[in-house]
Q: 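Dropping a structure here in structure tokens format, bear with me for questions.
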2 protein chains.
Amino acid sequence: MARNKHPEETVSLILDVSYRLFMEKGYERTSIQDIIDNLGGLSKGAIYHHFKSKEDILVAVTDRMTSQSNNILAYIRDQKDLNGQEKLKKIFKDSIMRPVQDEIFTVAPDLHDNPRLLFSILRETMDEAAPNYILPIIMQGIGDGSIQTEHPKALAELIMLTANIWMNPMIFDNTPEEAYEKFMIFGQMMKGFGLDVLDDELLKRLQELAVLYQKNK
Amino acid sequence: MARNKHPEETVSLILDVSYRLFMEKGYERTSIQDIIDNLGGLSKGAIYHHFKSKEDILVAVTDRMTSQSNNILAYIRDQKDLNGQEKLKKIFKDSIMRPVQDEIFTVAPDLHDNPRLLFSILRETMDEAAPNYILPIIMQGIGDGSIQTEHPKALAELIMLTANIWMNPMIFDNTPEEAYEKFMIFGQMMKGFGLDVLDDELLKRLQELAVLYQKNK
DNA sequence: TTTTTGATACCGAACGACGGTATGTAAAAG
DNA sequence: CTTTTACATACCGTCGTTCGGTATCAAAAA
């Protein structure tokens, strides 16, 4: 294979292929050879030139996965015209209202049997997303009076754990009824913390999604 | 190595060694050869006679880990003289008051970098423990009036996810302050669901444990 | 303008370690 | 005495990773 003038394209290709295979077959059941076979002529040397290990590819893949949603979180976090509670509400609204043509639904990824990838996402959610995006919003909410809590850090973690992990259909696959139950319990929980982030519009949309997701399996 | 008249002892030995190594080095970084080297003369044939794969050993190890606490859960679940809410409270009390000489503290297990084992425990917690132990208690509570919820299944999952995973120092290592924060938020959450499972005695004990755990690291 | 040089992109054979299997053997069980 | 069980051991294919090498390119030197 000829040398590529734009090596980022090669990197990007490796990540595309790896992402797909990791989702389809799981990280551990995807071999380097599998990746090579889907690279269209590139070799083992190419991979190990751009990545120092298979694990390194996993990190890059998860980074790319999470950076999308992290960008949205960062955008909302940094908005000037909303108070803390409104920002939280907007986050849930946006994450649920996002169009269905997501990668999510084209590959129908299933972390149900993908320990390494799930682990990666869990760590990123709890160690990065919670403190960097949710926590600042809660702190703002405390300042502007829209959120009351004495334990902002733990609250941020709890919210992310439930919303991003527990309610994530990629991780725990739910029937529409289960998804509905989780959503209601989540809403109740948030209300218990004085956070009113749910409304009927959201609920309706969520039910549509649950049905759609089931169909795509 | 001579043939053992009581093969259960060999099985048990393999599990002991595997458990220790899985905890010390992580499942993926523990090779079959590592296990053999710690078996005191037994060979690969012995392992593959009693277990069909490395994965199979992992399953057996996690089963043994969780069966202990599951027994306690089952015992409380089946008690006759407590209502639902009292049983929930007893569960938290018992799990926190258990003596420190647990395996937990002798090996100081750390699932922080042990995806497969964490995954195993997560699945067992959500797919087995929640529906088989917590859910029946909640159902009883609904019947006897001590618990009110329209979504018992989701509530059971949420409780287990937070209590067994999020607050588990093996999985998320906390400073004493963080452990305290989590505990308080958890209590608040439970209160939001009308569940009064915390008191000062528990809180005090938890803080002691958090300090102890930190020391043992 | 041509040549040199050094960095970068990629190739592919080879390696050691791994999980798993096939076959053998001897002790226990029946 | 026969069958089953509890192991031992040699071996296999696959895996992730390494490494010596080549081709290509841009920029500096001639």
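As the structure is a computational prediction, the values presented were derived from the model and not from experiment. Note on naming: letters A, B, ... go to the chains in the order of the sequence lines (proteins, then strands), and numbering restarts at 1 for each one.
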Q: Do B:Asp113 and A:Arg123 sit within salt-bridge range, that is, some charged N less than 4.0 Å from a carboxylate O?
A: no

Q: Near DNA chain D, which residues from residues 31-38 of chain B have a heavy atom under 4.0 Å away?
A: none

Q: Quick one: A:Leu39 CG to C:dA9 P, roughly how many Å, whole number?
A: 15 Å

Q: For a 4.5 angstrom cut-off between non-hydrogen side-chain atoms, does A:Leu198 reach A:Leu203?
A: no

Q: Would you please name every residue forming a ring pair (Phe, Tyr, Trp, His ring centres under 6.0 Å) with B:Phe51, sequence neighbours left out?
A: none

Q: Can you tell me if B:His49 touches the phosphate of D:dA6, counting only side-chain N or O atoms and a distance under 4.0 Å to OP1 or OP2?
A: yes

Q: Take the protein atom OH of A:Tyr27 and the nucleotide atom P of D:dC15, then report the distance between them rounded to whole Å.
A: 14 Å

Q: Nearest-Å distance, CD1 (A:Ile47) to P (D:dG16)?
A: 10 Å

Q: How many whole angstroms separate atom NE2 of A:His6 from atom P of C:dT8?
A: 17 Å

Q: Charged N to carboxylate O below 4.0 Å: is that the case for B:Asp16 and B:Arg20?
A: no

Q: Go through residues 50-60 of chain B and report each residue with a non-hydrogen atom lying under 4.0 Å from DNA chain C, sorted by number.
A: B:Ser53, B:Lys54

Q: Answer yes when B:Lys153 and A:Glu181 have at least one side-chain N-carboxylate O distance shorter than 4.0 Å, and no when they do not.
A: no

Q: So, does B:Glu128 use its side chain to make a donor-acceptor pair with the main chain of B:Thr125 at under 3.5 Å?
A: no

Q: How long is the line joining CD of B:Glu8 and P of C:dA28, in whole Å?
A: 15 Å

Q: State whether A:Lys182 and B:Glu157 are salt-bridged, where the test is any N-O pair (Lys NZ or Arg NE/NH1/NH2 against Asp/Glu carboxylate O) under 4.0 Å.
A: yes

Q: Cation-pi between A:Lys54 and A:Tyr27: NZ/CZ under 6.0 Å from ring centre and within 45° of the ring axis?
A: yes

Q: By nearest nucleotide on DNA chain C, pick out whichever of B:Tyr48 and B:Asn4 is the more 5' one.
A: B:Tyr48

Q: Counting only side-chain heavy atoms from C-beta out, which of D:dG16, C:dG19, D:dA8 sits nearest to A:Lys44?
A: D:dG16

Q: Side chain of A:Pro7, heavy atoms from C-beta onward: which of C:dA9, D:dA6, D:dA10 has the nearest atom to it?
A: C:dA9

Q: Do any N or O atoms from the side chain of B:Asn174 and from the backbone of B:Pro176 form a donor-acceptor pair under 3.5 angstrom?
A: no

